[in-house]
Protein chains: 2
Amino acid sequence: MPDDTLSHDLTPYFSMFVEVGIINQIGSAFLEARLPKGLLVSHFGVTSHLSRGFDGATPLELARAFQVAKTTMTHTLGGLEKHGFVELRPNPDDGRSKRVWLTPAGREFRDDAVRQLEPLFQKIAERFPPDQVSAFLPGVSEFRAVIDQLRDEEK
Amino acid sequence: MPDDTLSHDLTPYFSMFVEVGIINQIGSAFLEARLPKGLLVSHFGVTSHLSRGFDGATPLELARAFQVAKTTMTHTLGGLEKHGFVELRPNPDDGRSKRVWLTPAGREFRDDAVRQLEPLFQKIAERFPPDQVSAFLPGVSEFRAVIDQLRDEEK
DNA sequence: TGTTTATAGTGCGATATCGTACTAAATGGA
DNA sequence: TCCATTTAGTACGATATCGCACTATAAACA
């Protein structure tokens, strides 16, 4: 009997998803409390993603990156546009599509938010140093990559 | 200069929260796709929590456990009650409060959902074995505990 | 004991997110 | 080239979540 037909103890997956759910809630609350009124984690997430080498991404690419419905991304981008943080221009490669570009104001919004978080992260660092996070981060990333792949396969 | 005044590289925290956000989205989608129509991750989360030794918790305790607003928990419990999955009874120890009790139907809903997830988790196990999750899970839990504590201290 | 303050739960309005359905453009095949 | 199918984005309605305000009860305390 080959290894991969052995039954596994699946409880670690349950525990992992539970922990992740709580960390996500806490992290979102931390961030949102430090954003200007009316701006949300989703807005920060998009500007941050664009600023990290994905400027000019399409709305659909952004929706996939964050694993949200494309209608949700339309809504989020609308908010960012209203604040002047992104510009949507036609996609020259595809008439159905658009490309999202970060404005200077958008970059500033993102950088400000990062700065606002730093004191909190310093506090975390006193109790849970960053290299301890670095120790398990590759594993967590790999896990994310695997389930990301599986999700795509589920169509 | 003592260690804890040294400046740290905080990027692992950012990366961690980003990964956690995506894992949470994917995990929620996985679960929700396997729940009966009209029932959500929040409903599963509460029944699962109750069944794991917290039966009789108060709504506020549940809101804190999941880090959601107490009005959100009121809403979630309303849905569970409508489906007959929980019962809310007065809290004999506190006239302002209630206690939430899982019904047999609620326990079955939870167990069914777990069963529906098993094939998927087996698939994950083929590509990312559970003991690899177990390897970093304690670190992740500890991280969660630390930020949980910090959140409480933020008032 | 009476009064002030804090806490548990809910009603309500605002909005973020999602699923469905639609339009327009691209793609693939006859 | 024409038509069927797929894909990108959006409009719309449903609902999950949140913040604020309110009521009832408990706790603190003069």
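As the structure is a computational prediction, the values presented were derived from the model and not from experiment. Just so we're on the same page: letters track the sequence lines, and every chain starts at 1.
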Please work out whether the ring planes of B:F143 and A:F136 are parallel, tilted or perpendicular, with thresholds of 30° and 60°.
->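 Correct class here is perpendicular.
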Aromatic ring pairing A:F109/A:F44, orientation class (parallel under 30°, perpendicular over 60°, tilted between) =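 The arrangement is perpendicular - the two ring planes meet at more than 60°.
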Counting heavy atoms from C-beta on, name the nucleotide in D:dG9, D:dT17, D:dT6 closest to the side chain of A:K98.
->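 Side chain of A:K98 sits closest to D:dG9.
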Nearest listed nucleotide, side chain of B:S42, among C:dC18, D:dT17, D:dA8 =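 Among the listed nucleotides, the one closest to the side chain of B:S42 is D:dT17.
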Respond yes when some side-chain nitrogen or oxygen of [X] is under 4.0 Å from OP1 or OP2 of [N], and no when none is.
X     : N      : value
A:K70 : C:dG19 : no
B:T74 : C:dG9  : no
B:Q25 : C:dC18 : yes
A:H75 : C:dA16 : yes
A:T76 : C:dT17 : yes
B:T72 : D:dA16 : no

Could you tell me the separation between the [atom1] atom of [X] and the [atom2] atom of [N], rounded to a whole number of Å?
X     : N      : atom1 : atom2 : result
B:F66 : D:dT17 : CZ    : P     : 11 Å
B:Q67 : D:dA16 : CD    : P     : 21 Å
B:L88 : C:dA8  : CG    : P     : 15 Å
A:L40 : D:dC18 : CG    : C1'   : 10 Å
B:D94 : C:dA6  : CG    : P     : 17 Å
A:D93 : D:dT7  : CG    : C1'   : 15 Å
B:K37 : D:dT15 : NZ    : P     : 10 Å
A:R99 : C:dA25 : CZ    : P     : 18 Å

Closest-nucleotide 5' rank along DNA chain C - winner of B:S97 and A:G95 =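 Here B:S97 is the residue nearer the 5' end.
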Would you classify [X] as touching base, sugar-phosphate or nothing, given that sugar-phosphate means primed atoms plus P, OP1 and OP2, and contacts are heavy atoms under 4.0 Å?
X     : value
A:E32 : nothing
B:T71 : base
A:N91 : nothing

Hey, what do you get for CD1 (A:I23) to CG (B:N24), rounding to the nearest 0.5 Å?
->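 So the gap between those two atoms works out to 10.0 Å.
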First encountered from the 5' end of DNA chain D, between B:A69 and A:P59 |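 In this pair, the answer is A:P59.
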For the pair A:D112 and A:R115, find out whether any cationic side-chain nitrogen is under 4.0 Å from an anionic carboxylate oxygen.
->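 A:R115 and A:D112: salt-bridged.
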For B:A125 against A:H8, the heavy-atom pair lying closest together |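 Shortest heavy-atom contact: CB-CD2, 3.5 Å.
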What is the minimum heavy-atom distance between B:N91 and B:T58, and which atoms define it?
->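 Closest heavy-atom pair between B:N91 and B:T58: ND2-CG2, 3.9 Å.
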